[in-house]
Amino acid sequence: MHLAALRSFIVLSGKAVAWLTLAMVLLTFTIVVLRYGFNMGWIWLQESLSYLHVVVFSVVAAWALQQDGHVRVDIFYAGMTPRNRARVDLLGTLIFLIPFCVFILIISWPDVANSWKLLESSREAGGLPLVFLLKSLIMVMPALLLGQAFINITDAWKTLRTQHDP
């Protein structure tokens, strides 16, 4: 996949899924009103809130990384030259991000594959029958982060090749 297309895909995915946070707020409000106002509740409604939560955090992680939205020690990073920032980004991606993503992919594969094999559904009566799709998001997050890691490495490498220390 072309780098610009990958970058755009991550942005589009992140922005689209970020809107689900509004749905989560509205759904939470609905659940609370139904439960405390009318003494009503459905397991599938409560589980759908959990599903939305997982979708948001799984898919938005790569976009947040792309937008520099993740937590880091900016007290040091902010004062660095672009070349030193590129070094930190490159090393951080190679030493931390890629091994973490590969580990998550390897460790989660048997559980996700088994869930698909069984077409796993909720253990609760009246729950959602899509647990296998939910568990698939365990692998979507590191896959998207690996795509962003490739972008970070490319951007850092370009900066290191074109920028010179003062």
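Bear in mind that the values here come from a model prediction, so they are computed numbers and not experimental data.
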Can you name the closest pair of heavy atoms from Leu144 and Phe9 and give their distance?
CD2-CE2, 3.7 Å
Sequence neighbours excluded, which residues qualify as side-chain contact (heavy atoms from CB on, under 4.5 Å) partners of Phe38?
Val33, Leu34, Met40
Looking only at heavy atoms, what is the nearest atom pair of Glu124 and Ile43, with distance?
CB-CG2, 3.7 Å
Would Leu90 and Leu3 show up in the same hydrophobic cluster when neighbours are defined by side-chain heavy atoms closer than 4.5 Å?
yes
Looking at every non-hydrogen atom in both residues, tell me the closest pair between Met24 and Leu52 and how far apart they are.
CG-CB, 3.6 Å
The side-chain hydrogen bond (donor to acceptor under 3.5 Å, both in side chains) partners of Ser8 (sequence neighbours excluded) come to none
For Glu120, salt bridge (Lys or Arg N to Asp or Glu O under 4.0 Å) partners two or more places apart
Lys135
By side-chain contact (heavy atoms from CB on, under 4.5 Å), which residues pair with Val17, not counting sequence neighbours?
Leu20, Val55, Val56, Val59, Val60
Can you name the closest pair of heavy atoms from Ser121 and Pro129 and give their distance?
CB-CA, 3.3 Å
Where do Leu130 and Leu134 land on the side chain to side chain contact (heavy atoms under 4.5 Å, CB included) test, with the steps shown first?
CA-CA 7 Å; Leu130 305 171; Leu134 184 67; over 6 Å; no
Cluster companions of Leu22 among Ile, Leu, Val, Met, Phe, Trp, Tyr (side-chain spacing under 4.5 Å):
Trp19, Leu26
Mind jotting down which residue pairs meet the side-chain hydrogen bond (donor to acceptor under 3.5 Å, both in side chains) criterion with at least one end in residues 48-62? Sequence neighbours excluded, please.
none
Pairs where residues 146-159 contributes a residue and the test salt bridge (charged side-chain N to carboxylate O under 4.0 Å, His left out) is met, not counting sequence neighbours:
Arg7-Asp155
Spell out, yes or no, whether Leu12 and Leu146 are grouped together once hydrophobic residues are joined by side-chain heavy atoms under 4.5 Å, including indirect joins.
no
Can you name the closest pair of heavy atoms from Ile138 and Ser108 and give their distance?
CG2-CB, 3.3 Å
Applying side-chain hydrogen bond (donor to acceptor under 3.5 Å, both in side chains), which residue pairs with at least one partner in residues 33-42 are found, sequence neighbours left out?
Arg35-Gln46
What ring pair (Phe, Tyr, Trp, His ring centres under 6.0 Å) pairs are there with at least one residue in residues 113-148, not counting sequence neighbours?
Trp116-Phe132
Taken in chain and number order and not counting sequence neighbours, the residues that satisfy side-chain contact (heavy atoms from CB on, under 4.5 Å) with Leu65 are His70, Leu97, Leu145, Gln148, Asn152
Quick check: is Val140 connected to Val11 through a chain of hydrophobic side chains (ILVMFWY, heavy atoms under 4.5 Å apart)?
yes
Heavy atoms of Leu160 and Arg87 approach each other most closely as CD2-CG, 3.7 Å
Residues that Trp109 engages under ring-ring contact (aromatic ring centres under 6.0 Å, His included), provided they are two or more places apart:
none
Report the hydrophobic cluster partners of Ile95, with the cluster defined as I, L, V, M, F, W, Y residues connected by side-chain heavy atoms closer than 4.5 angstrom, directly or transitively.
Leu91, Phe96
